[in-house]
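Every chain is numbered from 1 and lettered A, B, ... according to where its sequence line falls, protein lines coming before strand lines. These numbers were taken from a predicted model, which means no experiment stands behind them.
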Protein chains: 2
Amino acid sequence: MSDSNRSLASDENQSFMKNQRLRAEDIIETISIDCLVFGLNKGQLEILLVQHGEGIREGYWGLPGGWIRNNEDLDAAAYRLLHDLTGLENVYLEQLKAFGRADRYPGKRVVTVAYYALIRPEHYHLVAGFTASDVRWEILSDCKGLIYDHDEILASGLEHLKNQVCREPVGFNLLPKKFTLLQLQEVYEVILGVKLDKPNFRRKMKKTGLLRPCHEKQENVPHRAAALYSFNKEVVYKQLVL
Amino acid sequence: MSDSNRSLASDENQSFMKNQRLRAEDIIETISIDCLVFGLNKGQLEILLVQHGEGIREGYWGLPGGWIRNNEDLDAAAYRLLHDLTGLENVYLEQLKAFGRADRYPGKRVVTVAYYALIRPEHYHLVAGFTASDVRWEILSDCKGLIYDHDEILASGLEHLKNQVCREPVGFNLLPKKFTLLQLQEVYEVILGVKLDKPNFRRKMKKTGLLRPCHEKQENVPHRAAALYSFNKEVVYKQLVL
DNA sequence: AGGCTTATTGTAATTATGACTACAAGATTT
DNA sequence: AAATCTTGTAGTCATAATTACAATAAGCCT
């Protein structure tokens, strides 16, 4: 972005780019990634936030994100950054969308590509690293005043999540390997923000074939123990009308 | 991308960026836009393509696209480029997703943000302009061998369209203001690639409230004239199961 | 034992769906 | 003018899905 004949795309520029490209660690600082990671804790949706340890937003909280590398696929950059900033590994990330208001980043033009994931917080150990000085889970309703346009990314991701939960079995990511039908129902309720009828929910879920009975029951609960199920990935998901 | 201390984000660099930012016409050449425009002609889906009049892909056909400007919102860039390349105006564009494989563009790192639209071809006059030497509609099934990763963008957009058509009333964009129920059914059939039952389709559509009767009939048709309807934008769209 | 909580099954009215049939309204052909 | 062709539109009906409940089961707790 720095030489003045940029828009000419001259031959020298072209060949310069090619050489530049060989340096794997090079960074463009024009395209960034931000990761919106949803977790479920005590029946509430939470978002994974990091505190910036350097740069123009030092000390402020926002979504984990950073610059893509020159020779790195967009998806790969998302995985790398999420891991380096928060310690999270083996998380399934999906692209949400690109955010590119001209004034979204102060002082220069940056387009960010947002990714999102649903995970179970207790399965992961958070480790702040790279440019992040701290990491924490924040209850969704308290996630306000994030840096840049991260509030907007969050709103967009939540919208997307609500749409997706009825079309793909993403809710299962927020649950333990073995779960009860009520736990599953609560996931749907908290994402969609509605109350569902228990008998009917159970019946619909069973029909999808997504549930594989564990032939086990809850233990140490002060009431009748519920049957445990696990998620059957094999089945093709049919649209779910709740 | 050209100075070697890029990744340091030095102060000089920062302030340089700020000055740079004031030049509205400046271009980054790192982020591009590509527009996937669907049209319907004689019951077939078509895609709007342009022939590159300059650059490394001169003479080849691909989706209309180009560089975003430094001070331009992503959405605005999409509208500008579509207009400048093809002459299309007043088209509703929606972001599809970002495509960012490291090797998707030869010689340098370019991430593209794809937008898509559904329009009625006969409503628009095509004018090749800017970097495009030609524009044309191409039947969907013949859209192969496009430049860069445009085949991939097309496949992704088609997938998205199929999902969207049952959740939002996008099919109406492909029809005239006043249309018959059979025309509407044909839109759904061609997008989804299935045959639908006429009486049942009509019944379901009427229940959505999306149809506003015009109290008019077709004219000059060699058979019983069908009632004409227009699209009622006011109604909240309820999921459509076809 | 009786009460509490949650799990699980059952039922009945209503509505939606899918595959058809039948009829209507024009235009065209005989 | 009648027959016929094409498409539009309405109706039927068996089946399945949805909803809103009621009822029962299985445990823990006091």
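- Positionally, the nearest nucleotide of DNA chain C for A/Tyr229 lies more toward the 5' end than for the other of A/Tyr229 and B/Val221.
- One finds a side-chain N or O of B/Lys207 lying less than 4.0 angstrom from the OP1 or OP2 phosphate oxygen of C/dT17.
- Under a cutoff of 6.0 Å and an axis angle of 45°, A/Lys204 and A/Phe201 do not form a cation-pi pair.
- Across D/dT18, D/dA10, C/dA7, the shortest atom-to-atom separation from the side chain of A/Leu182 is found for C/dA7.
- For A/Arg203 against C/dT11, a side-chain-to-base donor-acceptor contact under 3.5 Å is present.
- In this structure, CG of A/Leu228 is placed 15 Å from C1' of C/dT8, rounded to the nearest angstrom.
- Phosphate proximity of D/dA25 to A/Arg224: absent, as no side-chain N or O sits under 4.0 Å from OP1 or OP2.
- Phosphate proximity of C/dA19 to B/Lys198: absent, as no side-chain N or O sits under 4.0 Å from OP1 or OP2.
- Picking from C/dC20, C/dT17, D/dT18 the nucleotide with the shortest atom distance to the side chain of A/Lys204 gives D/dT18.
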N/O donor-acceptor pairs under 3.5 Å from side chains in residues 186-194 of chain B, not counting sequence neighbours:
{"residue": "B/Glu189", "atom": "OE2", "partner": "B/Gln185", "partner atom": "NE2", "Å": "3.1"}
{"residue": "B/Glu189", "atom": "OE2", "partner": "B/Leu196", "partner atom": "N", "Å": "2.8"}

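- Exactly one of B/Leu158, B/Leu63, B/Val37 qualifies for a side chain to side chain contact (heavy atoms under 4.5 Å, CB included) with B/Ile47. That residue is B/Leu63.
- Comparing atom distances between the A/Pro222 side chain and each of C/dG18, C/dT21, D/dC28 picks out D/dC28 as nearest.
- Side-chain atoms of A/Val50 and A/Thr131, non-hydrogen and from C-beta on, never get closer than 4.5 Å to each other.
- Nearest to the side-chain atoms of A/Asn200 among the listed nucleotides C/dG10, D/dT19, D/dG27 stands D/dT19.
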